[in-house]
Amino acid sequence: MSNLSSINKADISDFEKRVYLALLKVPKGQVVTYGALAKLAGFPGAARAVGSAMNKNPFAPSVACHRVVRSDGSVGEFAYGTKRKIAMLRKEGVRIEKERITDFKEIKIA
DNA sequence: CTATTGACGACAT
DNA sequence: CATGTCGCCAATA
């Protein structure tokens with residue numbers, strides 16, 4: 001099952017589908033803010049709602065929900081623990097220091 | 001339909 | 001830099 005087909009078939013809201021699909025575009029080693037992702041998904045301003053969607057995340061490893069961070073540079077929450085989230089991001093090459101993205105200003109996607 | 005809830009965000013203190 | 005407040009949005013009760 002490819003990620004894309006499972007998502008499209010999944011019994012979830014259109015909002016969530018778009019968010020998950022948009023997140024698939026974010027390459028490894030790069031991060032997006034909840035707000036930016038919301039915008040990419042076509043729901044500008046729905047940063048908080050995106051967070052809720054990530055929390056549900058029915059496609060755990062497939063959808064890289066750990067690449068979504070806060071606009072202030074902090075990594076934000078994670079269903080399996082912030083600690084875990086940071087570890088995964090570092091493994092992908094994202095530089096983090098004290099729960100904060102070091103060169104966040106340069107990393108953040110439009 | 002209204003009220004509550006949260007992996008957020010901008011700003012003030 | 002660390003909190004607190006208030007606003008925001010879609011999901012859910």
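Everything quoted here is computed from the prediction, not taken from an experiment. A, B, ... follow the sequence lines: proteins, then strands. Residue 1 opens every chain.
- Note on A:R67 versus A:E92: salt bridge recorded, some NZ/NE/NH1/NH2 to OD/OE distance being below 4.0 Å.
- Listed for the A:K85 side chain is a donor-acceptor partner under 3.5 Å among the backbone atoms of A:V75.
- Atom CG in A:L40 sits about 16 Å away from atom C1' in B:dC8, given to the nearest Å.
- Residue contacts for A:G35: at a heavy-atom cut-off of 4.0 Å it reaches the sugar-phosphate backbone alone, with no base atom in range.
- A:R18 has its CZ atom 17 Å from the C1' atom of C:dA11, to the nearest Å.
- Between A:L24 and A:F59 there is no side-chain heavy-atom pair separated by less than 4.5 Å.
- Base contact: A:A49 has a heavy atom under 4.0 Å from a base atom.
- B:dA7 atom C1' lies 11 Å from atom OH of A:Y20, rounded to whole Å.
- Relative to the side chain of A:R48, the nucleotides B:dG6, C:dA10, B:dA7 differ in distance, and B:dG6 lies closest.
- Comparing C:dA2, B:dA7, C:dC8 against the side chain of A:R100 picks out C:dA2 as the nearest.
- With a 4.5 Å cut-off on side-chain heavy atoms, A:L40 and A:V32 count as touching.
- The nucleotide whose nearest atom lies closest to any side-chain atom of A:S52 is, among B:dG9, C:dC9, B:dG6, B:dG6.
- Residues of residues 54-64 of chain A that place a heavy atom closer than 4.0 Å to DNA chain B, in numerical order, are A:M54, A:N55.
- Atom CD in A:E16 sits roughly 12 Å away from atom C1' in C:dT12 (whole-Å rounding).
- Separation of atoms CZ (A:R100) and CD1 (A:I86) is listed at 10.5 Å; rounding is to 0.5 Å.
- Taking atom CZ of residue A:F78 and atom C1' of nucleotide B:dG6, one finds them 17 Å apart after rounding to whole Å.
- Taking the side chain of A:R70 as heavy atoms from C-beta on, and the options C:dA11, B:dA7, B:dC8, the nearest nucleotide is B:dC8.
- Atoms NZ (A:K39) and P (C:dC9) sit 15 Å apart, rounded to a whole Å.
- Between A:L23 atom CG and B:dC8 atom C1' the separation is 16 Å, expressed in whole Å.
- Candidate nucleotides B:dG9, C:dA11, B:dG6 were compared by shortest atom distance to the side chain of A:S13, and C:dA11 ranks first.
- Contact annotation: the side chain of A:I96 approaches that of A:L89 to within less than 4.5 Å [non-hydrogen atoms, C-beta and beyond].
- Atom pair A:L37:CG and C:dA10:P shows a separation of 14 Å (rounding to whole Å applied).
- Residue A:F15 has its side chain nearest to C:dA11 when only B:dA7, C:dC8, C:dA11 are considered.
- Atom OG of A:S62 is separated from atom CG of A:L4 by 11.0 Å, given to the nearest 0.5 angstrom.
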